[in-house]
A.B. asks: 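Starting off with a structure, shown below.
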Amino acid sequence: MGYAAGVLYLITQETRLVFQAGRTLSTGRPDFPYEQIDVPRSDGARQFAWIMRARGSDDGTWVLFLHGNAATIASRVNIAHYGELRALGVNVMAPEYRGFAGLGGVPTETLLAADARAAYEYLRAARHVAPSRLVIYGWSLGSAVAVGLASETEQAAVILEGAPASLVDISQRRYPLFPIRLIMRNPFESIQRIGAVHAPILFLHSPEDAVIPIAEGRRLYEAAAGDKTFVEVRGGHVDATNVDTKRFYGAIRAFLSAHRLVDGDGVSAAARLPR
């Protein structure tokens with residue numbers, strides 16, 4: 001009876017354990033210009049996002065930033081990312097997921113995929129961003145969403161920070177006595193989809209990461225095909241952007257520069273091209 005109760009607990013609490021959603025929009029706000037927009041959706045669901053342009057226009061490279069669990073687009077760590085990315089000369093779009101920040105709905109792997117796709121389609125249709133200047137960035141759980149999106153769309157590059165190869169595998173190791181693979185409804189198995197991503201990929205992971213072990217990131221890296229780079233950073237799962245800022249964003253700058261998405265002056269290379 002105790003074992004059955006444990007299984008039932010994991011089944012009923014999966015949404016809370018995996019997504020840790022439901023909280024209201026964090027109170028933090030960028031100290032640089034940003035715009036909150038409603039993302040148009042064919043299904044009528046409400047979704048909003050922040051638009052943060054580097055130099056006041058839609059020209060140049062765009063980063064679609066997909067955040068992790070237990071956060072909102074207004075969380076401190078996410079705002080820190082936006083600021084540093086803008087300093088590299090790229091525009092940033094950060095969409096919120098349903099079930100997060102006061103938005104209705106119960107988050108699932110399928111719904112988060114739809115939310116990311118809606119944001120991608122907004123950039124393509126409303127902002128006229130070509131795939132050749134669109135970068136998909138995923139942090140933590142958002143990296144699994146990013147892999148799924150990148151495997152089904154065109155983009156110039158992909159950046160994955162603290163990325164799990166398989167959330168169901170991590171959960172199985174965390175609860176070895178339970179049949180996690182049989183009962184988990186949101187497995188987020190990026191390792192099965194990463195091979196379909198054809199754009200260059202940058203992996204950022206900390207050996208000190210106690211949430212997503214670096215071995216998971218390495219496993220996902222090994223499964224990726226084509227142009228790929230793995231960079232170790234300090235700071236664990238959450239604080240690498242602050243603890244190891246120079247190496248962290250230096251790696252991103254070098255990666256984007258190598259693929260002509262920013263130039264050496266920290267200006268989006270595409271912004272210099274004639275229209």
A.B. asks: So, for R55 and G89, which heavy atoms are closest and what is the spacing to 0.1 Å?
C.D. replies: NH1-CA, 3.3 Å
A.B. asks: If you take all heavy atoms of A54 and R86, which pair is closest and at what distance?
C.D. replies: O-NH2, 3.7 Å
A.B. asks: Side chain of D244, backbone of V233: donor and acceptor closer than 3.5 Å?
C.D. replies: no
A.B. asks: So for atom CD, which belongs to E152, do other residues, nucleotides or ligands contribute more than 12 heavy atoms lying within a distance under 6.0 Å?
C.D. replies: yes
A.B. asks: Group every Ile, Leu, Val, Met, Phe, Trp and Tyr by side-chain heavy-atom contacts under 4.5 Å, then state whether V168 and L112 land in the same group.
C.D. replies: yes
A.B. asks: Can you confirm if the aromatic rings of H67 and F100 lie within a centre distance of less than 6.0 Å?
C.D. replies: yes
A.B. asks: Tell me whether T72 contacts the main-chain N or O of A74 through its side chain, where contact means a donor paired with an acceptor under 3.5 Å.
C.D. replies: yes
A.B. asks: As an exercise, state the distance from CG of L103 to OH of Y97, rounded to the nearest 0.5 Å.
C.D. replies: 12.0 Å
A.B. asks: For residues H128 and W62, establish whether the separation of their ring centroids is below 6.0 Å.
C.D. replies: no
A.B. asks: Using salt bridge (Lys or Arg N to Asp or Glu O under 4.0 Å) as the criterion, list what pairs up with D169, not counting sequence neighbours.
C.D. replies: R181, R219
A.B. asks: Please report the C-alpha distance between I51 and Q36 in whole Å, then the side-chain angles of each, then the deciding distance to 0.1 Å, and finally whether the side-chain contact (heavy atoms from CB on, under 4.5 Å) criterion is met.
C.D. replies: CA-CA 6 Å; I51 298 291; Q36 182 166 313; over 6 Å; no
A.B. asks: Report yes or no: does R29 contribute a side-chain atom to a donor-acceptor pair with the main-chain N or O of S26 at less than 3.5 Å?
C.D. replies: yes
A.B. asks: Partners of P213 by side-chain contact (heavy atoms from CB on, under 4.5 Å), sequence neighbours excluded?
C.D. replies: E216
A.B. asks: Measure from the side-chain N and O atoms of S206 to the backbone N and O of E208, and report whether any donor-acceptor pair falls under 3.5 Å.
C.D. replies: yes
A.B. asks: Working to the nearest 0.5 Å, report the span between CD of E109 and CG of L141.
C.D. replies: 8.5 Å
A.B. asks: Shortest non-hydrogen contact from L202 to A251?
C.D. replies: CD2-O, 3.9 Å
A.B. asks: Should I212 and L160 be regarded as members of a common hydrophobic cluster, given that ILVMFWY residues are connected when their side-chain heavy atoms come within less than 4.5 Å of each other, either directly or indirectly?
C.D. replies: no
A.B. asks: Can you check side-chain contact (heavy atoms from CB on, under 4.5 Å) on V135 and I159, steps first, answer last?
C.D. replies: CA-CA 7 Å; V135 179; I159 301 174; 4.1 Å; yes
A.B. asks: Does this structure show an ion pair linking R127 with E35, if we count only N-O contacts that are shorter than 4.0 Å?
C.D. replies: yes
A.B. asks: Would you call E232-R218 a salt bridge at under 4.0 Å N-O?
C.D. replies: yes
A.B. asks: So how far is it from R124 CZ to R117 CZ, rounded to the nearest 0.5 Å?
C.D. replies: 10.0 Å
A.B. asks: Quick check: closest heavy atoms across P200 and F255, and the distance to 0.1 Å?
C.D. replies: O-CZ, 3.6 Å
A.B. asks: How about Y249 and T241: does a side-chain donor come under 3.5 Å of a side-chain acceptor?
C.D. replies: yes
A.B. asks: Which atoms form the tightest heavy-atom contact between E96 and D115, and what is the distance?
C.D. replies: O-CB, 4.4 Å
A.B. asks: If I take atom CG from residue L66 and atom CD from residue E161, how far apart are they, to the nearest 0.5 angstrom?
C.D. replies: 12.0 Å
A.B. asks: Are D209 and R234 close enough for a salt bridge, meaning some N to O gap below 4.0 Å?
C.D. replies: no
A.B. asks: Where do R98 and Q47 land on the side-chain hydrogen bond (donor to acceptor under 3.5 Å, both in side chains) test, with the steps shown first?
C.D. replies: CA-CA 7 Å; R98 280 174 289 176; Q47 181 185 7; over 6 Å; no
A.B. asks: Spell out, as yes or no, whether a donor-acceptor pair under 3.5 Å connects the side chain of Y82 to the backbone of I73.
C.D. replies: yes
A.B. asks: Could you work out, with side-chain contact (heavy atoms from CB on, under 4.5 Å) as the rule, every residue matching Q155, not counting sequence neighbours?
C.D. replies: I136, A150, T153, V158, V197, A199
A.B. asks: Working to the nearest 0.5 angstrom, can you tell me the gap between K228 NZ and I194 CD1?
C.D. replies: 9.0 Å
A.B. asks: Under a 3.5 Å cutoff, is there a donor and acceptor pairing between the side chains of H198 and E154?
C.D. replies: no
A.B. asks: Taking a hydrophobic cluster as the set of Ile, Leu, Val, Met, Phe, Trp and Tyr residues connected by side-chain heavy atoms closer than 4.5 Å, whether directly or through intermediates, do V145 and L220 fall within one such cluster?
C.D. replies: no
A.B. asks: Indicate yes or no for a side-chain donor-acceptor contact from D239 to the backbone of N242 under 3.5 Å, with no hydrogens or angles considered.
C.D. replies: no
A.B. asks: Is it the case that the side chain of S143 and the backbone of W139 share a donor-acceptor pair, with hydrogens and angles ignored and the cut-off at 3.5 Å?
C.D. replies: no
A.B. asks: Specify whether Y221 and F203 have parallel, tilted or perpendicular ring planes, treating 30° as the upper limit for parallel and 60° as the lower limit for perpendicular.
C.D. replies: perpendicular
A.B. asks: Would F188 and I201 show up in the same hydrophobic cluster when neighbours are defined by side-chain heavy atoms closer than 4.5 Å?
C.D. replies: no
A.B. asks: Taking the side chain from S75 and the backbone from N78, do they hold a donor-acceptor pair closer than 3.5 Å?
C.D. replies: no
A.B. asks: Using modelled atom types only, decide if a donor and an acceptor are shared between the side chain of T24 and the backbone of G102 within a distance under 3.5 Å.
C.D. replies: no
A.B. asks: Under a 4.5 Å side-chain heavy-atom rule over Ile, Leu, Val, Met, Phe, Trp and Tyr, are L149 and V39 clustered together?
C.D. replies: yes
A.B. asks: Parallel, tilted or perpendicular, judged at 30° and 60°: which one describes the rings of W50 and Y34?
C.D. replies: tilted
A.B. asks: Is a donor on one side and an acceptor on the other found under 3.5 Å between the side chain of N91 and the backbone of D59?
C.D. replies: yes
A.B. asks: side-chain contact (heavy atoms from CB on, under 4.5 Å) between L256 and T61: does it pass, once the steps are laid out?
C.D. replies: CA-CA 10 Å; L256 295 178; T61 299; 5.5 Å; no
A.B. asks: How close do S132 and L261 get, heavy atom to heavy atom, and via which atoms?
C.D. replies: O-CD2, 3.5 Å
